[in-house]
Protein chains: 2
Amino acid sequence: MAIGRPRAFDTEKALDQALGVFREKGYEGASLSDLTAAMGINPPSLYAAFGNKEALFGKALDRYAERHAGFYKDALARPTAREAVEALLAGAIDMATDAGSPRGCLLVSGALACGDDADPIRAELTRRRAEGELMLRRRFEQAKREGDLPPDTSPADLARYVTTVLQGMAVQAAGGAGRKDLRRVAETALRVLP
Amino acid sequence: MAIGRPRAFDTEKALDQALGVFREKGYEGASLSDLTAAMGINPPSLYAAFGNKEALFGKALDRYAERHAGFYKDALARPTAREAVEALLAGAIDMATDAGSPRGCLLVSGALACGDDADPIRAELTRRRAEGELMLRRRFEQAKREGDLPPDTSPADLARYVTTVLQGMAVQAAGGAGRKDLRRVAETALRVLP
DNA sequence: GCGTTTGTGTAGCGAGCACTACAGATGGAA
DNA sequence: TTCCATCTGTAGTGCTCGCTACACAAACGC
């Protein structure tokens, strides 16, 4: 055991609570009182364990990626491009409308437009959204090489289209759209696939 | 002329400036210093002319609807459903990537997730997005009655799909996507139409 | 001229923000 | 038992937030 007084709270659980607040209120809308209240700790404990609000958001974002957005990589591993997109849409719908968490997607609603202070956060979220789009594009390029997608397909255009639908569904979910609604959207969106 | 000292600034121009700040930083991210600086007035003038920050946002939102989202109703007036959707997508792309204004759509990036204070704003934006979707649904219902759309079409599902694509494009635009990129997205999205 | 009405600029209000100084508490090491 | 390292709760810090009191300025009718 480490030297010194042991930490009286579970940093993983506290991070989950913080993530919940950030998902619900966004980066700017989440105040430190909101965060400490949800995490069940006092400010000094938060700062000792996580640095500051920006660093806490970064750690919550990493946790979000591995816990709630893990479906993304799994989906891309499906054997065909169509199955991959199906899994992507289904997974995103489940994640964005999960009853246990605030609706929507942290990458979209965390900080779409914000003040100057939060601009690094906005840029990081933008970067991660673009990263996801790039992964999908690579997957489509592979499918094209394998003959799974027709030779006249544009992987870049298709990836941007699917990403746009995913992001639109995040907005819909934030606005209260239900699972059934979004499944129909996904079904319609899938019709463009060959 | 009205009695009393005349107002020394143009309320319409000031409102346009405020709208620009709200589009760039969202409702929460736009501080009163940001607003008064952009509008070229002092706080008391702002409060005398517009009420408070929330009321100012409401007026800016109305102005946004008539000035930058007027394409929406025009698009729905097109003779066919396909033309309507084409005009809708093209208009949204022009609006969201207009060089003279911040990128994106105020209805989407104004307040997707926010603190408790801004919750009425978030709810109002959600309401207006749903309103747009409903208008589109009504247009599809009309098209179905006219035989412009096949009888097995679901106007509700199609409207939600198109709205989702529009909202996704708003997120893409906020992230820096260009006009060409979004035109290709629109082209792909249009393929689901009969 | 005068009084009334309305708008303007200065200057500052209370409240909440992100963040921290500090003293006491709690463990292992010597 | 003492020392030291670390964490904890209390109680703040300075700052910016949205907003306003107040005195002065500029138009009107009389």
Side-chain angles (χ1 to χ4, degrees), chain A residues 1-15 17-19 21-22 24-61 110-111 113-122, chain B residues 1-15 17-19 21-22 24-61 110-111 113-122:
Chain A
M1 191 175 184
I3 197 172
R5 176 172 176 175
R7 192 168 274 135
F9 63 96
D10 184 337
T11 56
E12 303 290 297
K13 287 183 182 172
L15 198 50
Q17 297 302 315
L19 174 55
V21 175
F22 280 131
E24 186 184 344
K25 306 194 168 184
Y27 177 73
E28 277 185 328
S31 74
L32 247 92
S33 333
D34 294 331
L35 292 165
T36 53
M39 299 164 87
I41 60 177
N42 291 311
S45 299
L46 189 154
Y47 281 85
F50 303 103
N52 59 14
K53 185 183 174 183
E54 189 171 339
L56 173 63
F57 184 87
K59 292 188 168 74
L61 184 54
C114 58
D116 300 337
D117 291 352
D119 222 60
I121 300 291
R122 190 192 53 74
Chain B
M1 191 174 186
I3 199 172
R5 176 174 176 174
R7 191 168 274 135
F9 64 97
D10 184 338
T11 56
E12 302 290 297
K13 287 182 182 172
L15 198 50
Q17 296 302 316
L19 174 55
V21 175
F22 281 131
E24 186 184 344
K25 306 193 170 185
Y27 177 73
E28 277 185 329
S31 74
L32 251 103
S33 333
D34 294 332
L35 292 165
T36 53
M39 299 163 87
I41 60 177
N42 294 114
S45 299
L46 190 154
Y47 282 84
F50 303 104
N52 59 13
K53 185 183 174 184
E54 190 172 339
L56 173 62
F57 184 86
K59 292 188 169 73
L61 184 55
C114 58
D116 299 337
D117 290 351
D119 223 60
I121 300 291
R122 190 192 53 73

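Naming convention: chains lettered A, B, ... in sequence-line order (proteins, then strands); numbering from 1 in each chain. Everything quoted here is computed from the prediction, not taken from an experiment.
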Open item on the list: Using a heavy-atom cut-off of 4.0 Å across all strands, would you classify A:A48 as base, sugar-phosphate, or nothing?
Closed with: nothing
Open item on the list: Starting the side chain at C-beta, find the nucleotide from C:dT6, D:dG9, C:dA18 nearest to A:L32.
Closed with: C:dA18
Task: N or O in side chain of B:S31 less than 4.0 angstrom from D:dC17 OP1/OP2 - done: yes
- [ ] Give me the ring orientation class for B:F50 and B:F9: parallel if the planes are under 30° apart, tilted from 30 to 60°, perpendicular past 60°.
- [x] tilted
- [ ] With DNA chain D as reference, determine whether A:N42 or B:K53 sits nearer its 5' end, using the nearest nucleotide of each.
- [x] A:N42
- [ ] Grab the CE-C1' distance between A:M39 and D:dT8 for me, whole Å please.
- [x] 15 Å
Open item on the list: Is A:S45 close enough to D:dC7 that one of its side-chain N or O atoms is under 4.0 Å from OP1 or OP2 there?
Closed with: no
Task: A:K53 to A:F22, cation-pi by 6.0 Å centre distance and 45° axis angle - done: no
TODO: Please report, rounded to the nearest Å, how far the P atom of D:dT6 is from the CZ atom of A:R7.
DONE: 11 Å
Open item on the list: Quick check against the 3.5 Å criterion: does A:N52 have a side-chain atom that pairs as donor or acceptor with the backbone of A:E54?
Closed with: yes
Task: Minimum-distance pair of heavy atoms, taken over all atoms of A:A60 and A:L15 - done: N-CD1, 3.9 Å
- [ ] Measure from CD1 on B:I41 to C1' on D:dC19 and round the result to the nearest Å.
- [x] 14 Å
Open item on the list: Rounding to an integer number of Å, can you tell me how far A:F9 CZ sits from D:dC7 C1'?
Closed with: 9 Å
Task: Whole-Å gap separating P (C:dC19) and CZ (A:F50) - done: 14 Å
Task: C:dC19 OP1/OP2 closer than 4.0 Å to side-chain N/O of A:Y47 - done: yes
Open item on the list: Check whether A:E28 reaches the backbone of A:G115 with its side chain - one donor and one acceptor, N or O, closer than 3.5 Å.
Closed with: yes
Task: A:E28 CD - C:dC17 P separation (whole Å) - done: 13 Å
- [ ] Among D:dC19, C:dC19, D:dT10, find the nucleotide with the atom closest to the side chain of A:N52.
- [x] C:dC19
Task: Spacing between B:D116 atom CG and C:dC17 atom P, to the nearest angstrom - done: 10 Å
Task: Euclidean distance, atom CG of residue B:L46 to atom P of C:dT8 [Å, nearest integer] - done: 11 Å
TODO: On DNA chain C, check which nucleotide each of B:P43 and B:R5 is closest to and give me the residue with the more 5' one.
DONE: B:R5
